[in-house]
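Residues: numbered from 1 along the sequence shown.
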Amino acid sequence: MPVIVRKATLKDLPVLLAFEQGVITAERPFDPTIRDGDINYYDIGELITSKNSEVFVAESNGHIVASGYAKIKTDRHYLKHAHQGYLGFMFVSETHRGQGLNKMIIDALLKWCKARHVFEIRLDVYNNNMPAIKAYEKIGFKKHMINMRLDIEDLDLE
């Protein structure tokens, strides 16, 4: 049975909440600032119901196997574009990776943004997450800016 990409509904929430935990589990090794214990990144229900965002899922044999969202954000006043489409919640179930589902989801998200005349698309990815970086570069994304951090809690500043 072929994979279909469709807009998520609130009925999909239990699966999407499990996917969110998969994203968090995958990202914890890349980010020492993520709190331990149960956390949430997203308000998935809001992303599904808002007019400024859309969640897409890929479905195979009646089961959701991948997800992603686009959210239209007002950008900084000094940039050439007024709005950006911000992509997130990119997740493919382990048994379905390597089948091009992430690209299918991103293609749907890009079409959704373009239909709303939003042409600047951004996403965040951890610097050491080379498989994700390579996948996004393959689609056409380019590295743009590096976010740097410094934990000074134990740093002697005297």
Side-chain angles (χ1 to χ4, degrees), residues 3-31 33-35 38-60 63-94 96-97 99-149:
V3 172
I4 62 160
V5 175
R6 64 171 175 81
K7 292 179 180 181
T9 69
L10 291 176
K11 290 179 184 176
D12 301 323
L13 216 42
V15 173
L16 296 176
L17 289 170
F19 279 11
E20 178 184 30
Q21 294 309 306
V23 171
I24 292 165
T25 298
E27 291 184 348
R28 271 200 164 107
F30 297 110
D31 190 342
T33 68
I34 297 175
R35 248 188 3 241
D38 292 337
I39 63 165
N40 293 92
Y41 281 171
Y42 318 107
D43 182 341
I44 299 170
E46 169 70 15
L47 290 168
I48 291 171
T49 59
S50 172
K51 67 181 178 87
N52 291 320
S53 60
E54 195 66 72
V55 179
F56 280 89
V57 296
E59 199 174 274
S60 176
H63 299 284
I64 297 171
V65 295
S67 64
Y69 80 78
K71 183 173 188 169
I72 298 172
K73 296 181 171 186
T74 300
D75 221 327
R76 293 158 288 190
H77 69 279
Y78 55 83
L79 296 176
K80 292 178 181 179
H81 53 276
H83 297 91
Q84 66 167 270
Y86 181 82
L87 306 188
F89 191 32
M90 308 308 300
F91 184 80
V92 178
S93 67
E94 211 168 310
H96 290 82
R97 292 181 185 158
Q99 299 176 22
L101 300 181
N102 193 48
K103 183 177 181 338
M104 290 173 68
I105 293 282
I106 289 176
D107 286 348
L109 296 170
L110 297 180
K111 285 180 191 172
W112 182 84
C113 288
K114 194 168 187 178
R116 283 148 188 79
H117 305 284
V118 175
F119 307 114
E120 179 70 21
I121 308 299
R122 307 257 177 133
L123 58 78
D124 291 318
V125 60
Y126 287 103
N127 187 52
N128 293 331
N129 190 347
M130 293 313 296
I133 291 170
K134 287 181 182 188
Y136 295 132
E137 287 177 336
K138 188 175 179 182
I139 293 169
F141 284 89
K142 292 177 177 36
K143 293 177 185 171
H144 178 67
M145 183 177 274
I146 296 173
N147 179 285
M148 298 178 73
R149 64 174 291 276

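Within 6.0 Å of atom CE in Met130, more than 12 heavy atoms from other residues, nucleotides or ligands are found, so the atom counts as buried in its surroundings. No more than 12 heavy atoms of other residues, nucleotides or ligands sit less than 6.0 Å from atom CG of Asp38.
For Glu20 (side chain) and Tyr42 (main-chain N/O), a donor-acceptor pair under 3.5 Å exists by modelled atom type. Side-chain atoms of Ser53 come within 3.5 Å of backbone atoms of Leu47 as a donor-acceptor pair (strictly under, hydrogens ignored). In this structure, the side chain of Gln21 engages the main chain of Ile39 through a donor-acceptor pair within 3.5 Å. Here the side chain of Ser67 pairs a donor or acceptor atom with the backbone of Phe89 at under 3.5 angstrom.
Remark: Asp124 CG to Asn129 CG distance equals 12.0 Å, nearest 0.5 Å. Atom-to-atom distance recorded for Leu101:CG and Ile106:CD1 is 11.5 Å, nearest 0.5 angstrom. Interatomic distance, Leu16 CG to Ile64 CD1, rounded to the nearest 0.5 Å: 5.5 Å. A distance of 3.5 Å separates OH in Tyr126 from CG in Asp31, rounded to the nearest 0.5 Å. Annotation: the span from Glu120 atom CD to Lys73 atom NZ amounts to 12.5 Å, rounded to 0.5 Å.
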Q: Would you please test Leu109 and Met90 for side chain to side chain contact (heavy atoms under 4.5 Å, CB included) and show each step?
A: CA-CA 11 Å; Leu109 296 170; Met90 308 308 300; 4.1 Å; yes
(Q) Quick one, Arg6 with Asp12, criterion side chain to side chain contact (heavy atoms under 4.5 Å, CB included). Give me CA distance, side-chain angles, the key distance, then yes/no. (A) CA-CA 11 Å; Arg6 64 171 175 81; Asp12 301 323; 2.8 Å; yes
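The nearest pair of heavy atoms linking Val3 to Ser60 is CG2-CB, 4.1 Å. Minimum heavy-atom separation, Arg28 to Arg35: NH2-O, 2.6 Å. Arg97 and Val92 make their closest contact through NE-O, 2.7 Å (heavy atoms, listed as atom of the first residue, atom of the second, distance). The shortest non-hydrogen separation linking Ile48 to Leu13 is CD1-CD1, 4.3 Å. Here the closest non-hydrogen pair linking Ala58 and Ile105 is N-CD1, 3.5 Å. Annotation for Leu123 and Tyr86: closest pair CA-CE1, 3.9 Å, computed over non-hydrogen atoms.
Taking the six-membered ring where the residue is Trp, Tyr136 and Phe141 present perpendicular rings, their angle passing 60° and hence far from 30°. Phe19 and Phe91 have tilted rings, their planes meeting at an angle from 30° to 60° on a 0 to 90° scale.
Considering only heavy atoms from C-beta on, Glu137 comes within 4.5 Å of Lys143 through its side chain. At a threshold of 4.5 Å between non-hydrogen side-chain atoms, the residues Asp75 and His83 do not count as touching. At a threshold of 4.5 Å between non-hydrogen side-chain atoms, the residues His144 and Arg122 count as touching. Side chains of Ile121 and Leu87 form a contact here, defined as non-hydrogen atoms less than 4.5 Å apart.
Ion pairing between a basic and an acidic side chain is recognised when a charged N comes within 4.0 Å of a carboxylate O; Lys111 and Asp107 show no such pairing.
When the ring-ring contact (aromatic ring centres under 6.0 Å, His included) test is applied to Phe56, no partner is found at least two apart in sequence or on another chain. Not counting sequence neighbours, the partners of Lys114 by the side chain to side chain contact (heavy atoms under 4.5 Å, CB included) test are Phe119.
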